[in-house]
Amino acid sequence: KAGVEQTLRFKIHTPLVALAKAQIIRHGVELGVDYGLTHSCYSPNEAGIACGRCDACHLRLKGFAEAGIADPISYLNQKT
């Protein structure tokens, strides 16, 4: 609302938008991110386990592979 009404000036920072997924993963590892506590899945099961087949899972798996780092989470299936 403040932006539309121009009552407050703000800037949105998107430092990761220009990075490849593998670069983001490597940077996260450097910062100590515990990727075992994360997932990117659009459709996890009731227990929160990633499906391994959706586009988000595929991109995550590809990013970890390109970074040369093992993805620490389990998947129900893995899209090939």
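Note that these values count all heavy atoms, side chains included, but never hydrogens, waters or copies made by symmetry. This structure is a prediction, so every number in the text was calculated from the model and none was measured.
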| remark: Applying ring-ring contact (aromatic ring centres under 6.0 Å, His included) to Y35 and not counting sequence neighbours gives F64
| Minimum heavy-atom distance between G52 and C57, given as atom pair plus value | N-SG, 3.3 Å
| query | Counting N and O atoms only, with roles assigned by atom type, does the side chain of Q23 sit under 3.5 Å from a partner on the main chain of A20, one being a donor and the other an acceptor? | reply | yes
| Is Y75 close to C51 at the side-chain level, that is, under 4.5 Å between some pair of heavy atoms? | no
| note | Scanning both residues in full, the closest heavy-atom pair of R60 with S40 reads CD-OG, 3.8 Å
| query | Under 3.5 Å, is there a donor-acceptor pair linking the side chains of R53 and S43? | reply | no
| remark: CD1 (I25) and CG (D71) are apart, to the nearest 0.5 Å, by 7.0 Å
Can you list, pair by pair, the side-chain donor-acceptor contacts under 3.5 Å of residues 11-19, counting residues two or more places apart and other chains?
none

| task | Mind checking the NZ-CG spacing from K21 to L61? Nearest 0.5 Å is all I need. | result | 10.5 Å
| query | Closest approach of A50 and I73, non-hydrogen atoms and distance? | reply | CB-CD1, 4.1 Å
| Taking every non-hydrogen atom, the tightest pair across E66 and A22 | CB-CB, 3.8 Å
| request: Return the minimal non-hydrogen interatomic distance between A67 and R26, and the atom names on each side. | output: CA-NH2, 3.6 Å
